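Start at 1 with the first residue, then count along the sequence. Please read all numbers here as calculations on a predicted model, not as lab measurements.
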Amino acid sequence: MAPKDGIVPYGSLVLLDAHILIWSGVRRMIPGVPPVERRDVENVDRARILINDLTDVHARIVVPSVLLTELIVPIPPEHHSRFLAY
């Protein structure tokens, strides 16, 4: 499969910034995490498009432990295992 214009080649290994995952909604299923702010709506749309494009080319997304720490800090401790299982 040939890569689409503007995105990574099929099957690539991709490392994302924490905000891409936050804006894509990875924490919203956890109680106690604040909703996305109005000023971030455009970033939310862009993050979802990026994740969909990466999915289309079967990219492998790497989430380093430092990034997990950044994502888990605002989540109440009783929900940490639920988030990590996601």
Legend entry - Atom of H80, atom of I75 and distance for their closest heavy-atom approach: NE2-O, 2.9 Å

Inset, instruction - Report yes if the side chains of V44 and V41 come closer than 4.5 Å at any heavy-atom pair, otherwise no. - result: no

Inset, instruction - State, with a plain yes or no, whether a side-chain heavy atom of R46 is found less than 4.5 Å away from one of W23. - result: no

Legend entry - Where E70 and A18 come nearest, the two heavy atoms and their spacing: OE2-CB, 3.4 Å

Legend entry - Separation of L50 CG from T55 OG1 (nearest 0.5 Å): 9.0 Å

Legend entry - Side chain proximity check, I61 to L15, heavy atoms < 4.5 angstrom: no

Inset, instruction - Search all heavy atoms of A47 against all heavy atoms of I20 and return the closest pair with its distance. - result: CB-O, 3.6 Å

Inset, instruction - To the nearest 0.5 Å, tell me how far L67 CG sits from H19 NE2. - result: 10.5 Å

Legend entry - Distance in Å, I72 CD1 paired with S65 OG, rounded so as to fall on 0.5 Å steps: 12.0 Å

Legend entry - Worked check of side-chain contact (heavy atoms from CB on, under 4.5 Å) between V62 and V14: CA-CA 6 Å; V62 176; V14 179; over 6 Å; no

Legend entry - Close side-chain approach of L21 and L71, heavy atoms under 4.5 Å: yes

Legend entry - Listed partners of E78 passing side chain to side chain donor-acceptor pair (under 3.5 Å), at least two apart: none

Legend entry - Close side-chain approach of V63 and L16, heavy atoms under 4.5 Å: no

Legend entry - Contacts of R39 that satisfy side chain to side chain donor-acceptor pair (under 3.5 Å) - sequence neighbours left out: E37

Legend entry - ILVMFWY cluster, I22 and I49 together (side-chain gap under 4.5 Å): no

